[in-house]
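These notes concern the structure reproduced below.
Only this structure's heavy atoms are used, side chains among them; waters, hydrogens and symmetry mates stay out. To find a chain, count down the sequence lines: A is the first, B the second, and so on, and within it residues start at 1.
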Amino acid sequence: MPELPEVETVRRGLIPVMEGRRIVKAIQNRPDLRWPLPENFAERLTGTTIERIGRRGKYLLLDLDSGETLIVHLGMSGRFLIYTDGIIRKGADFHQSVGSQSSKHDHIILEIEDGNRAVFNDARRFGAMDLWQTALIGDHKFLSGMGPEPLSNHFNSEYLTKTFANRKVPLKAALLDQRRVAGLGNIYVCEALFDAGLSPTRSAGSLSSRDCSRLVDVIRDVLRRAIDAGGSSLRDFHGASGELGYFQHTFKVYDQEGKKCSKSKCSGTIDRIVQSGRSTYFCAICQR
DNA sequence: CTTGGGTCCTGTGCGC
DNA sequence: TGCGCACAGGACCCAA
């Protein structure tokens, strides 16, 4: 799953191909992704022009000239592949194996007016799509309870202090909760907590306003740096399907179990623990 | 209301 | 080379 930086990278990759262009034909290869697709899904897409591609948290928002917005969540394994003349030209893709067998999980195909095809491929099928009135987009159940965008001014130390007040949940879980802040996932929470010097296991409510202030700063910083790097790609590419993020080469703790802590004066090693079923990586010496 | 655990689905990599 | 198991970037749902 792509987290905010990966979704933002996908958005930026789709804009030159799709924005301002008409969907000549939409093809739906199955009735559902994670949930059932809406009634007449392909018909409602076909013939519309994509006016703008936006993002909210980990959701892509494609505003159509029909007055509806196509909402897309990539889940864990969802990706868009762009084909020109049947050849992959560009992949908004953070996984391996674009080549041979990928068509098996090609669930939604958008034929664009200039001959490009945007193919939504999602092996694990944790992804989701829906159509909703653009004017009421904030009311959609995917978006209505979502916390502030971490790169916006609404996400600040006062807000974080307030939303964490009296919370007993581990800090890690609080940051993964999309209702508190949008777009963070396992990688960037681990990285941000390392940068902040805060333990993932302490309760969210135990943070001082000073801690919250520092946390806001490092979250913004890690997200900005990851976006600049084109996101993180967890496996090596074998196909020739376009640009690949490289932020994974700068991970300080994520997937670094057993390595020496990268803080210069720290003698610790990176630990891996499991919190609510998911791996947490951190340095127990310098994260308190 | 908050919190923790199970669950959906497929693919990959590792130890044996 | 094959097999079984652990694990994967998410988030909903339900029970306590």
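The phosphate of C:dG10 has OP1 or OP2 within less than 4.0 Å of a side-chain N or O from A:Lys58. Here A:Lys141 does not reach the OP1 or OP2 of C:dC12: none of its side-chain N or O atoms lies under 4.0 Å away. An OP1 or OP2 oxygen of C:dA11 is reached within less than 4.0 angstrom by a side-chain nitrogen or oxygen of A:Gln178. Within the 4.0 Å cut-off from OP1 or OP2 of B:dC9, not a single side-chain nitrogen or oxygen of A:His105 is found.
Checking C:dG9, C:dC12, B:dT3 against the side-chain heavy atoms of A:Arg167 singles out B:dT3 as nearest. Closest to the A:Ser279 side chain, of the nucleotides C:dC7, B:dG4, C:dG10, is C:dC7. Across C:dG9, B:dG11, C:dC12, the shortest atom-to-atom separation from the side chain of A:Glu6 is found for C:dG9. Comparing B:dT3, C:dG9, B:dT10 by their nearest atom to the side chain of A:Lys168 picks out B:dT3.
Ring centroids of A:Phe282 and A:Phe194 are separated by 6.0 Å or more, keeping the two rings apart.
Judged by distance alone, the side chains of A:Tyr59 and A:Gln178 never bring a donor and an acceptor atom under 3.5 Å apart.
Salt bridge annotation for A:Arg202-A:Asp211: present, with a cationic side-chain nitrogen under 4.0 angstrom from a carboxylate oxygen. Between A:Asp195 and A:Lys252, at least one side-chain nitrogen of the basic residue sits less than 4.0 Å from a carboxylate oxygen of the acidic one, meeting the salt-bridge criterion.
At a threshold of 4.0 angstrom between heavy atoms, the contacts of A:Tyr188 with the nucleic acid are absent.
If you measure from atom CZ of A:Arg124 to atom C1' of C:dA8, you get 5 Å, rounded to the nearest angstrom. The nearest whole Å value for the distance from the OH atom in A:Tyr281 to the C1' atom in C:dG9 is 11 Å. Distance CZ (A:Arg125) to C1' (C:dA8): 17 Å, rounded to an integer number of Å. For the pair A:Asp32 CG and B:dT10 P, the computed distance is 10 Å after rounding to whole Å. Atom-to-atom, CG of A:Leu4 to C1' of C:dG9 comes out at 13 Å; the value is rounded to the nearest Å. Distance, A:Ile273 CD1 to C:dA6 P: 20 Å, rounded to whole Å. Atom CD of A:Gln275 and atom P of B:dG4 are 10 Å apart (whole Å). What separates CZ of A:Arg278 from C1' of B:dG4 is a distance of 14 Å, to the nearest Å.
Across all strands shown, B:dC9 has no partner, as no Watson-Crick or G-U wobble contact with both distances under 3.5 Å is found. In this structure, C:dG9 forms no base pair with any nucleotide, since neither Watson-Crick nor G-U wobble geometry is met with both distances under 3.5 Å.
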Derivation and outcome, ring pair (Phe, Tyr, Trp, His ring centres under 6.0 Å), residues A:Trp35 and A:Phe126: CA-CA 9 Å; A:Trp35 294 291; A:Phe126 284 178; 9.8 Å; no
From CA spacing to verdict: salt bridge (Lys or Arg N to Asp or Glu O under 4.0 Å), A:Arg21, A:Asp114: CA-CA 8 Å; A:Arg21 297 213 168 75; A:Asp114 59 6; 3.2 Å; yes
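Centre separation under 5.5 Å together with a plane angle under 30° holds for the ring of A:Phe126 and the six-membered base ring of C:dG10, marking them as stacked.
Atom C1' of B:dT3 sits at a distance of 23 Å from the matching atom of C:dG9, rounded to the whole Å.
Sequence order on DNA chain C of the closest nucleotides to A:Arg272 and A:Arg34 puts A:Arg272 first from the 5' end.
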